[in-house]
Amino acid sequence: MSTTITADAYRERMLDLQRQGKGYQFLSLVDTYLAAAADDHEIRLRAAREYLDLGLIDAAKELFDAAAGVLPGEVTQLAETVASLRGGSIPWTAHERVFESNLCALRARGVDCNAIRASWSERRHRYRLLRDKHGVYQVRRQDAAGTWRWFPYLGNHRAVDDARPLPEAAGGANMPGPYLFEGVGLGRYFERVYEATLDTFLGYSCALFVTEPDADVLAVALHLNDWRKLLADPRVQLFFGEDWARALSEAWRDDPDLPLPRQAMNCGWPSDESKPRAVDIVRGATEARETAIRDSLADLERRYAARDISYLSGRLSAALEGSGPPLRILAAVSIHTTFLQHSMRDAKRALEAMGHRCVVLSERSPYTTTSPLSFHRAIRELDPDLFFVLDHLRPEFEGFIPSNLPILTWDQDQLPHVMTRANLRRVARHDFLVGCSKSHCVSHGFDPRQYLHARVPTCPEQFGGEPLSAAEEARYACDVSYVSHASQTPLQFHDQEKRGCGSASLSRLLDALYELLPAQLSVHRTTDGGVMSQVLAEGCGRAGIGRLDADLEERLRSWYLWRLGDRIFRHEALEWVGKWARGSGRSFRIYGRGWDKHPTLSEFAAG
């Protein structure tokens with residue numbers, strides 16, 4: 001009884017889809033239904049007509065080939081008509097050129113494509129390629145039982161994949177991902193995620209991991225998509241064939257800087273439960289890496305355990321007086337920065353000019369990290385006396401740096417999310433902060449002896465005054481030039497900050513501040529403390545906020561209002577120069593990232 005009820009409900013669902021004009025959805029259920037109800041010739045007839053309406057003649061023929069017993073007259077008549085029609089499957093050879101080009105791109109990266117080619121050669125007879133009247137490619141795949149099914153489903157694949165939401169953070173966050181795909185299906189969604197995660201922030205492009213146990217399934221996508229550029233990108237990591245799980249595990253084991261994915265998606269053929277799932281491989285790799293980091297850090301803690309304040313004081317004195325070896329300094333900076341990586345370059349040069357040894361760690365590629373294990377390896381090799389970093393404090397290096405290794409921070413920006421009271425409370429007794437934040441740190445009650453005020457230095461070797469060569473003169477000569485990466489408009493900055501709001505009231509407050517600050521700046525021409533206090537007070541009144549959390553108020557002052565005012569001043573002045581250049585016929589060039597996309601100044605972008 002229950003089986004009949006289930007079959008009836010399934011049938012009614014199919015008919016309801018057809019009544020709604022959802023032919024793709026109706027047909028996607030036909031294979032399963034007719035396998036259990038082969039004598040339902042009404043459904044067979046309806047399905048054949050839907051296939052013919054879509055131009056999928058071979059699929060309609062297949063329905064009648066699979067029919068058993070004596071067919072009703074109307075079904076027989078349509079079967080005979082369909083048998084006489086031309087326009088069947090598309091030969092895979094029509095896409096062989098694209099397939100070979102994709103394999104060539106993979107081979108250029110050192111990927112062994114023999115498994116893909118061998119699997120396709122052996123199993124290509126199990127795939128049929130069709131194209132419907134909408135120009136959409138549809139693929140039939142024969143399973144192990146010999147039954148033909150749509151792969152991965154019947155539908156307007158491009159429209160479905162274009163409508164599918166991007167994975168978490170992709171298309172919005174500066175540094176999204178990495179992501180893992182269990183199969184790519186026919187490829188459009190994978191292509192979208194690739195495009196959305198390309199150079200999202202200062203050269204960062206996240207890793208994309210693709211697993212596909214059946215290499216012939218991957219071959220289908222490689223026939224239908226020209227992915228030469230995509231496949232040539234080393235951030236696209238392919239793991240296919242019977243050995244994919246071991247290869248993926250070893251990749252994460254052998255390269256600690258290869259990040260683990262934050263989200264996994266299934267875009268392909270329904271997985272065989274007997275095969276390992278990619279999420280299980282990720283979980284195992286995560287546990288193994290966490291264990292390795294914990295054990296490695298414990299070893300370093302033992303090594304540095306005896307290096308107390310007395311030891312550090314003696315080591316520093318001996319190095320500076322010349323009675324002991326020079327200091328060994330480990331430093332780190334991200335390649336996804338604008339100014340800091342150049343500051344670190346100059347700091348390294350200065351430290352080495354003083355006779356010290358300095359090793360700087362950075363990501364080796366746009367999609368890798370500098371992991372705790374890479375820090376630990378560098379510490380073992382260098383045995384540093386000091387860790388030097390720009391704009392970051394000890395709490396951000398938990399798991400990276402042993403507790404008795406002193407940290408010297410050169411603070412250039414007083415970043416509000418870094419210089420919080422919670423972070424400052426966790427600064428070690430033997431850490432020091434140099435730069436522009438002494439008054440901020442001391443105002444929170446922290447030891448002034450650990451916070452040293454200093455101006456940002458410049459490197460004379462880097463910024464010389466030699467005259468330009470003739471070639472440089474020809475290349476750079478203009479009436480006015482401006483160099484900055486601050487191409488983000490005030491409105492773009494405001495919208496970015498609003499996207500990070502955790503509440504509607506904070507969003508309303510930012511809108512109020514955005515409206516109020518320009519009027520104040522037109523009068524006072526500065527974003528000093530008095531102006532910011534006045535703007536904050538009025539903004540809170542408009543947003544209905546009685547009192548702000550101290551850390552939030554500090555962030556709004558030292559980040560949002562300061563940065564917004566900075567953007568307003570910069571872009572207002574640049575608009576004046578642009579207007580002058582257009583009206584006078586003079587040349588104006590703006591160098592830096594993003595100016596070619598600026599809504600009003602793009603014509604002056606110079607690279």
Side-chain angles (χ1 to χ4, degrees), residues 290 293-320 324-334 340 343-344 347-348 351 356-361 370-454 550-551 554:
E290 288 174 350
I293 291 170
R294 187 168 54 250
D295 293 346
S296 178
L297 182 62
D299 174 67
L300 289 179
E301 293 287 8
R302 288 190 292 270
R303 178 179 298 196
Y304 276 80
R307 301 186 186 187
D308 55 13
I309 295 292
S310 176
Y311 169 88
L312 296 173
S313 175
R315 176 72 184 95
L316 179 62
S317 297
L320 297 182
L327 291 177
R328 298 179 297 274
I329 302 168
L330 180 66
V333 70
S334 175
L340 295 190
S343 297
M344 182 61 77
K348 181 177 187 294
L351 290 168
H356 306 303
R357 185 182 176 194
C358 182
V359 173
V360 179
L361 297 178
T370 308
S371 72
L373 290 172
S374 289
F375 272 77
H376 298 172
R377 182 175 63 247
I379 292 171
R380 287 188 179 87
E381 293 173 355
L382 181 63
D383 192 26
D385 306 297
L386 178 71
F387 177 61
F388 174 63
V389 69
L390 302 165
D391 278 357
H392 296 283
L393 300 174
R394 180 174 291 274
E396 298 169 88
F397 294 96
E398 186 173 352
F400 291 75
I401 301 296
S403 55
N404 270 5
L405 177 59
I407 296 179
L408 172 64
T409 297
W410 186 285
D411 178 42
Q412 295 184 355
D413 299 292
Q414 196 176 310
L415 297 173
H417 61 281
V418 173
M419 297 296 162
T420 65
R421 278 180 288 188
N423 278 347
L424 290 168
R425 276 195 294 268
R426 294 171 62 193
V427 168
R429 182 67 185 85
H430 46 278
D431 293 344
F432 290 86
L433 189 106
V434 178
C436 64
S437 297
K438 179 169 183 173
S439 59
H440 169 78
C441 299
V442 173
S443 70
H444 288 306
F446 298 103
D447 190 341
R449 293 174 297 176
Q450 289 182 261
Y451 301 93
L452 312 176
H453 183 77
D551 285 339
E554 181 62 33

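All values reported here derive from a predicted model rather than from experimental measurement.
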Enquirer: Determine whether a donor-acceptor pair (N or O, by modelled atom type, separation under 3.5 Å) exists between the side chain of E301 and the backbone of S403.
Expert: yes
Enquirer: Can D299 and R380 be counted as an ion pair, charged N to O under 4.0 angstrom?
Expert: yes
Enquirer: Evaluate the side-chain proximity of E381 to V359: yes if any heavy-atom separation is below 4.5 Å, no if none is.
Expert: no
Enquirer: Run the side chain to side chain donor-acceptor pair (under 3.5 Å) test against H376 and tell me which residues pass, sequence neighbours left out.
Expert: S296
Enquirer: Main chain of A428, side chain of Q450: is a donor-acceptor contact present, judged purely on distance under 3.5 Å?
Expert: yes
Enquirer: CG/L373 to CZ/F400 distance, rounded to the nearest 0.5 angstrom?
Expert: 9.5 Å
Enquirer: Can you sort out the partners of Y304 under ring pair (Phe, Tyr, Trp, His ring centres under 6.0 Å), two or more places apart, ordered by chain and number?
Expert: none
Enquirer: Testing the basics here: between L405 and L386, what is the closest heavy-atom pair and its distance to 0.1 Å?
Expert: CD1-N, 3.7 Å
Enquirer: Of the non-hydrogen atoms in N404 and A305, which two are nearest, and what is the gap between them?
Expert: ND2-O, 3.2 Å
Enquirer: Which distance, rounded to the nearest 0.5 Å, do you find between the SG of C358 and the CG of L330?
Expert: 8.0 Å
Enquirer: Roughly how far, to the nearest 0.5 Å, is the CG atom of L327 from the CG atom of L320?
Expert: 5.5 Å
Enquirer: Working to the nearest 0.5 angstrom, can you tell me the gap between S334 OG and L361 CG?
Expert: 12.0 Å
Enquirer: Looking at NZ of K348 and CZ of F388, how far apart are the two atoms once the value is rounded to the nearest 0.5 Å?
Expert: 12.5 Å
Enquirer: Looking at S374 and T370, would you say the former's side chain and the latter's main chain have a donor-acceptor pair under 3.5 Å?
Expert: no
Enquirer: Side chain to side chain donor-acceptor pair (under 3.5 Å) with R394: which of T409, N423, D431?
Expert: D431
Enquirer: About how many Å separate CD1 of I329 and CG of L382, when rounded to the nearest 0.5 Å?
Expert: 9.0 Å
Enquirer: Is a side-chain donor or acceptor of H453 paired with a backbone partner of K438 at a separation under 3.5 angstrom?
Expert: no
Enquirer: If you look at every heavy atom in G399 and P372, which pair is closest and at what distance?
Expert: O-CB, 3.6 Å
Enquirer: Within the distance-only criterion (no hydrogens, no angle test), does the side chain of D413 pair as donor or acceptor with the backbone N or O of L415 below 3.5 angstrom?
Expert: no
Enquirer: Can you run down the ring-ring contact (aromatic ring centres under 6.0 Å, His included) pairs that involve residues 409-433, sequence neighbours left out, and say none if there aren't any?
Expert: none
Enquirer: Is it the case that atom CD in E398 sees more than 12 heavy atoms from other parts of the structure closer than 6.0 Å?
Expert: no
Enquirer: With sequence neighbours excluded, give me every salt bridge (Lys or Arg N to Asp or Glu O under 4.0 Å) pair touching residues 308-318.
Expert: R315-D385
Enquirer: Are the side chains of V418 and L393 in touch, meaning some heavy atoms are under 4.5 Å apart?
Expert: yes
Enquirer: Do you know which two heavy atoms are closest between I379 and P402, and how far apart they sit?
Expert: CD1-CD, 3.7 Å
Enquirer: Can you list the residues that meet the side chain to side chain donor-acceptor pair (under 3.5 Å) rule with H392, with sequence neighbours excluded?
Expert: E396
Enquirer: For A332 and F375, which heavy atoms make the closest approach, and how far apart are they?
Expert: CB-CZ, 3.7 Å
Enquirer: Can you list the residues that meet the ring pair (Phe, Tyr, Trp, His ring centres under 6.0 Å) rule with F397, with sequence neighbours excluded?
Expert: F387
Enquirer: Within the side chain of R328, is there an N or O that forms a donor-acceptor pair under 3.5 Å with the backbone of D383?
Expert: yes
Enquirer: For R429 and D447, run side-chain contact (heavy atoms from CB on, under 4.5 Å): C-alpha distance rounded to whole Å, both residues' side-chain angles, the deciding distance at 0.1 Å, then the answer.
Expert: CA-CA 9 Å; R429 182 67 185 85; D447 190 341; 4.0 Å; yes
